[in-house]
Number of protein chains: 2
Amino acid sequence: MPAHFSTKERILDTAEALFAEHGFAGTSLRQVTGHADVNLAAVNYHFGSKDNLVTEVFRRRMDEMSRARLQQLQAAQAQAPTQLEAVLRAFIEPALALSLDRQGGGAFVRVLARAYAERNERLRRFLSDNYGHVPREFSRVLAECLPDLDRETLHWRLDFLAGALTYAMADFGLRQRGDKLDERTQSERAASELVAFAAAGLRAT
Amino acid sequence: MPAHFSTKERILDTAEALFAEHGFAGTSLRQVTGHADVNLAAVNYHFGSKDNLVTEVFRRRMDEMSRARLQQLQAAQAQAPTQLEAVLRAFIEPALALSLDRQGGGAFVRVLARAYAERNERLRRFLSDNYGHVPREFSRVLAECLPDLDRETLHWRLDFLAGALTYAMADFGLRQRGDKLDERTQSERAASELVAFAAAGLRAT
DNA sequence: GTCTATATAGAGATAGAC
DNA sequence: GTCTATCTCTATATAGAC
């Protein structure tokens, strides 16, 4: 596959694509090193274990996505502190934008969808410890946008939003294969459709 | 575990619980037969292969859920053909009701969440061939409930609903462990919250 | 219908040469 | 940093006795 990168990066790219397709348990290190055209022992040399390889695949994309979400949230609040749609865009757009990434971000969104279904304690703790502050911050800001909504109802609705976003992201790859629409157009369409849907759902009385 | 059922049923119950916890590839037949307290060879005797065991786990619950959804849809339409909330309830309630099932339906909703993340062609074709007519029928009826909504927007929003429902179902098990609320109360709360959220989202202009 | 025993293959991980 | 070779374990599946 990508032959112009280091062994470590080739392993990460290939693992990401295979994890998206076959899951974590369903992907063997032999498949990874075979497709990446590196030696079998290279995974244990560079990452120590398969578990560590999994978390490194997440770290690479989650660092970037979390940074983008918080930055866009800050920008939205600077303009209009309680504008619901702008806050939702800050949460949704960086996630869907990953689908456009040249270096395999489209595979990562499907990896992320798998992570939600996983009950793997190690992975869940890694994601919660390192990136849990992002949804918490959005939850805080959204509560300010919707002062009349009780906290419990807000939390239910945020769970629904997370589910819709995850599903939209994971399905996005399939839609692309279906029609031949421009990738950027698809992603922007998905984002604005979801912002409108979620905003109306969150405002429901 | 359930010692008062046949070997075949014990295998199905145990496989369902383990698939929910560790995924399909992550669950070995040795784990299944060990927890079910049956012989290792019994799986291949009763189901032929691991793949067949997976589809049989789905068939048992999906038959019941699809039947309940279509029946409730028919009842709703007999009363008021284009009442959006009633149609949504027919789609949502049978799915969340599975969480209450004594015989492990709570595990199955997490298995279902995993199925969405899977790209396994065999499993996808089985589900699409056998149960694809249900979402298609709901899509048709919802289009009648929302005559001013263009088809493409409707399909986006139905994808969001499917994602929110899947996520809510899968997460439901976690919530239950968190607080000590009555199971039936929890499920009914989840269903009515999602109906309100989805109805508002679908009606958004 | 259930068992033991085993065939066959593939898994993750590591030792040690280069 | 990369290789070969291999250890050890576990996987699915099946043959054949009871």
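Bear in mind the structure is a predicted one, so any value in this text is a computation, not a measurement. The figures here come from the full heavy-atom set of this structure, side chains too, leaving out hydrogens, waters and symmetry mates. Per chain, numbering begins at 1; letters A, B, ... match sequence-line order.
As rounded to whole Å, 8 Å separates atom C1' of dT2(D) from atom NE2 of His46(A). One atom, CG of Leu53(A), and another, P of dA13(C), lie 10 Å apart when rounded to the nearest Å. Taking atom NZ of Lys50(A) as the reference point, atom C1' of dT14(C) lies 17 Å away to the nearest angstrom. We find that CG of Asp51(B) is positioned 13 Å from C1' of dA13(D), with the value rounded to whole Å. A straight line from CZ of Phe24(A) to C1' of dG12(C) spans 17 Å, rounded to a whole angstrom. At whole-Å resolution of the value, CG in Asn39(A) and P in dG16(C) are 17 Å apart. The CG atom of Leu40(A) sits 14 Å away from the P atom of dG10(C) (whole-angstrom rounding). We find that CG of Asp37(B) is positioned 13 Å from C1' of dC3(C), with the value rounded to whole Å.
Counting heavy atoms from C-beta on, the side chains of Ile92(B) and Leu161(B) come closer than 4.5 Å.
When each of dG12(C), dA15(D), dA13(D) is scored by its nearest atom to the side-chain atoms of Arg30(A), the top-ranked nucleotide is dG12(C). Nearest to the side-chain atoms of Ala41(A) among the listed nucleotides dA13(C), dT14(D), dT14(C) stands dT14(C). Proximity note for Asn44(B) (side chain, C-beta onward) versus dA13(D), dT2(D), dT4(C): the nearest is dA13(D). Checked against dA13(C), dA13(D), dT2(D), the side chain of Ser49(B) finds its nearest nucleotide in dA13(D). Here dA13(D) is the nucleotide among dA13(D), dA13(C), dT4(D) with the atom lying nearest to any side-chain atom of Leu29(B). Closest contact between the side chain of Ser28(B) and the listed nucleotides dT14(D), dA11(D), dT2(D) involves dA11(D).
Side-chain contact of Tyr131(A) with Asp63(A): a donor-acceptor pair under 3.5 Å is present, judged by distance alone.
Note on Thr7(A): every side-chain N or O is 4.0 Å or more away from OP1 and OP2 of dG1(D).
No close placement of the Phe160(A) and Phe197(A) rings is indicated, their centers lying 6.0 Å or farther apart. Separation of the Phe108(B) and Phe19(B) ring centroids does not fall under the 6.0 Å cut-off.
Among the atoms of the strands shown, none is found under 4.0 Å from any heavy atom of Thr33(A).
Below 30°, between 30° and 60°, or above 60°: for Tyr116(B) and Tyr167(A) the angle between ring planes is above 60°, a perpendicular geometry.
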